[in-house]
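Atoms considered below: every heavy atom in the structure, side chains included; atoms not considered: hydrogens, waters and symmetry mates. In what follows, chains are A, B, ... by sequence order, proteins preceding strands, each numbered from 1.
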Amino acid sequence: MDARFWHAGVPKAGMSSPPKFDRIRRRSEFASIFARGRSLADYALVLYWRERTVGPPRVGFCVGKQLGKAVTRNRIKRLLRESWRVLAAEVEIPADLVFVARRGGVCFSLAEWVASMRGLLRRAKLLGEGNG
RNA sequence: CAACUGUGCCGGGCAACCGCGGGGGCGAGGACCGAAAGGUCGCUUCCGAGGAAAGUCCGAGCUCCACAGGGCAGGAUGCUGGGUAACGCCCAGCGGGGGCGACCCCAGGGAAAGUGCCACAGAAAAGGAAACGCCCAACGGAACCCGCCCGGGUUUCGCGGCAAAGCUGAAAAGGUGCGGUAAGCGCGCACCAGCGGCCGGGUGACCGGUCGGCUCGGCAAACCCCAUCCGGAGCAAGACCGAAUAGGAGGGAGAUAGGGUGGCCCGCCCUUCCCUCGGGUAGGUCGCUGGAGACGCCGCGGCAACCGGCGUCCUAGAUAGAUGGUUGCCACCCCGUGGAUCGCGAGGUUCCGGGGUACAGAACUCGGCUUAUAGGUACAGUUUUCAA
RNA sequence: GCCGACGUAGCUCAAUCGGUAGAGCAGCUGAAUCGUAAUCAGCAGGUUGUCCGUUCGACUCGGAUCGUCGGCU
């Protein structure tokens with residue numbers, strides 16, 4: 001009990017800022033989400049997701065080689081991470097999400113990525129009521 | 001206010017807020033995640049992509065595997081001398097080619113070790129030749145003449161002489177000129193090219209001189225020969241920790257349930273359960289950044305590449321892979337039936353608005369090469385020119 | 001990241017030792033048919049991915065470059 005109180009109490013300084021989001025990193029997790037998750041897409045992004053019973057939402061990004069060379073792909077990943085940083089607080093349902101970039105979004109700016117991502121999340125009904 | 005050549009350098013800057021990766025320090029009690037190995041949090045401070053990080057074309061370090069020694073096969077390199085840990089790289093030179101020039105380019109050993117190829121055309125494409133042709137001095141014919149034989153003359157010819165010219169080709173058996181000849185030929189001579197010997201200079205590639213006999217096609221980025229070098233794989237190398245499941249080895253349990261061996265019993269083996277052990281997968285940690293290191297200065301060191309000495313500094317270490325987002329100001333470039341101003345004019349200066357700022361992202365680490373690259377800039381030099 | 005293989009007509013593939021780049025399908029024109037398909041005859045279509053080099057002469061030989069496709073956690 002003492003220890004649990006300490007754990008809950010210490011990160012209160014961090015709680016005021018948006019919580020650090022969890023990433024999906026293992027190859028097996030990506031594979032199972034692609035295999036058994038649900039999916040939605042627009043012309044710039046594909047969203048795969050699988051709901052979970054407990055815990056914060058986790059996210060992974062996938063930018064394939066058809067999107068361009070290393071510089072282009074790195075830039076797209078950074079913009080996707082930034083977009084998720086903007087939207088993560090609005091997602092209230094625990095789930096594993098994977099965003100796959102498509103060719104239509106090569107020239108997107110941050111605002112366009114955020115708009116695309118928000119649209120997909122709304123269609124998947126993963127956003128909280130206040131933001132939906 | 002020009003056109004170039006060589007060697008280099010920079011690769012937008014400053015500030016604010018939010019966010020990311022790593023090192024150090026503190027919180028810290030071993031709480032949380034995980035079966036374990038191990039990982040996770042907060043605050044603070046410092047650091048955080050390139051000249052090519054790229055292509056993976058060479059050379060090394062490092063790691064594992066193989067290995068007595070030597071040879072063959074295979075591969076790479078290829079003028080000379082240096083530099084270097086090493087190189088196919090760099091520097092200096094030699095030879096050849098290009099440019100008015102500064103300078104640039106060259107896979108630049110051997111064709112007399114051997115094999116092979118040189119299409120079409122052409123007489124002939126390499127120890128070899130004459131169809132068209134040129135010439136009758138000698139040789140051998142034919143016709144005519146000197147009246148006939150002998151002997152001779154003229155013309156013409158070849159089973160005679162020739163390879164110069166013409167023809168073909170990318171390339172034709174040294175080239176040009178003069179002499180010589182029946183016509184010709186290095187047949188003779190002069191110069192040039194090539195070959196060989198000698199002398200001199202140079203470490204050497206080679207250069208200069210001289211003498212000689214007169215002469216030998218090209219292709220080795222065709223096989224090959226010669227000289228030198230090379231064991232193979234690559235950090236996804238490799239080392240350590242290590243579940244679940246399956247399988248392996250050892251020990252034990254059951255008072256023998258089932259199966260096998262056997263005529264039957266004992267025994268032995270398998271199936272069941274427990275414990276231990278080692279191999280090893282997922283996963284994790286290390287390898288992982290301090291090095292042929294960077295920068296500065298000096299040296300009667302070297303033409304230079306480079307070498308030596310001294311001083312200062314620590315300057316990315318991710319692993320679905322860290323540098324981003326939003327702004328403000330400045331720098332540069334482009335656009336404008338835009339405004340002002342100078343000018344006859346092409347146009348220049350300034351203000352305003354809009355847009356843009358290349359090529360491109362470390363993945364074990366170095367030395368090179370190659371390729372991509374907006375714009376800017378330093379030094380040295382060439383040509384034309386009154387002048388740059 | 002590392003290691004390999006391949007680029008030829010619109011498509012699928014040939015081209016021996018370096019000597020004029022061919023075949024099938026597709027396309028166009030004509031014949032034949034009332035018309036179409038099939039058939040027959042003819043035609044066009046290529047800087048051999050790109051750029052250098054060796055050679056008298058490169059699809060072929062050498063080098064660079066671009067692109068495509070595999071293999072190794």
Give a yes/no answer on whether the side chain of A/Arg73 brings an N or O atom under 4.0 Å of OP1 or OP2 in B/A320.
-> no
Does [N] pair with anything, Watson-Crick or G-U wobble, both distances under 3.5 Å, and if so, with which nucleotide?
N: B/C273; result: B/G252
N: B/G328; result: B/C14
N: B/C226; result: B/G78
N: B/C41; result: B/G27
N: B/C144; result: B/G153
N: C/C13; result: C/G22
N: B/G247; result: none
N: C/A41; result: C/U29

Could you tell me how far apart [X] ([atom1]) and [N] ([atom2]) are, to the nearest whole angstrom?
X: A/Lys69; N: B/A53; atom1: NZ; atom2: P; value: 15 Å
X: A/Arg25; N: B/G39; atom1: CZ; atom2: C1'; value: 13 Å
X: A/Arg23; N: B/G39; atom1: CZ; atom2: P; value: 20 Å
X: A/Phe30; N: C/U73; atom1: CZ; atom2: C1'; value: 16 Å
X: A/Ile76; N: B/G321; atom1: CD1; atom2: P; value: 14 Å

For nucleotides [N] and [M], find the distance between their [atom1] atoms and express it as a whole number of Å.
N: B/A54; M: B/G204; atom1: P; result: 47 Å
N: B/G11; M: B/A53; atom1: P; result: 14 Å
N: C/G7; M: B/A52; atom1: P; result: 35 Å
N: C/G67; M: C/C51; atom1: C1'; result: 15 Å
N: B/C226; M: C/U54; atom1: C1'; result: 22 Å
N: B/G361; M: B/G98; atom1: P; result: 43 Å
N: B/C62; M: B/C41; atom1: C1'; result: 38 Å
N: B/G75; M: B/G232; atom1: C1'; result: 14 Å

[X] versus [Y]: any side-chain heavy-atom pair under 4.5 Å?
X: A/Phe61; Y: A/Ile76; result: no
X: A/Arg50; Y: A/Arg38; result: no
X: A/Val59; Y: A/Ile24; result: no

On RNA chain B, check which nucleotide each of A/Ala70 and A/Arg26 is closest to and give me the residue with the more 5' one.
-> A/Arg26
Any protein N or O atoms within reach of nucleotides 322-325 of chain B? Criterion: under 3.5 Å, listing atom names and distances.
| unit_1 | atom_1 | unit_2 | atom_2 | d |
| --- | --- | --- | --- | --- |
| B/U323 | OP2 | A/Arg78 | NE | 3.2 |
| B/G325 | OP1 | A/Arg75 | NH1 | 2.6 |
| B/G325 | OP1 | A/Arg75 | NH2 | 2.8 |

Donor-acceptor pair, side chain of [X] and main chain of [Y], under 3.5 angstrom:
X: A/Arg103; Y: A/Ala44; result: no
X: A/Glu112; Y: A/Ser109; result: yes
X: A/Ser116; Y: A/Trp113; result: no
X: A/Arg102; Y: A/Asp42; result: yes

Between A/Phe61 and B/A320, do the rings stack, that is, sit under 5.5 Å apart with planes less than 30° off each other?
->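 No; centroid distance or tilt outside limits.
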A/Leu110 and A/Leu79: which non-hydrogen atoms are nearest, and at how many Å?
->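 Of all heavy-atom pairs spanning A/Leu110 and A/Leu79, the closest is CD1-O, 3.7 Å.
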So does A/Arg123 have more than 12 non-hydrogen atoms from other groups sitting under 6.0 Å from CZ?
-> yes
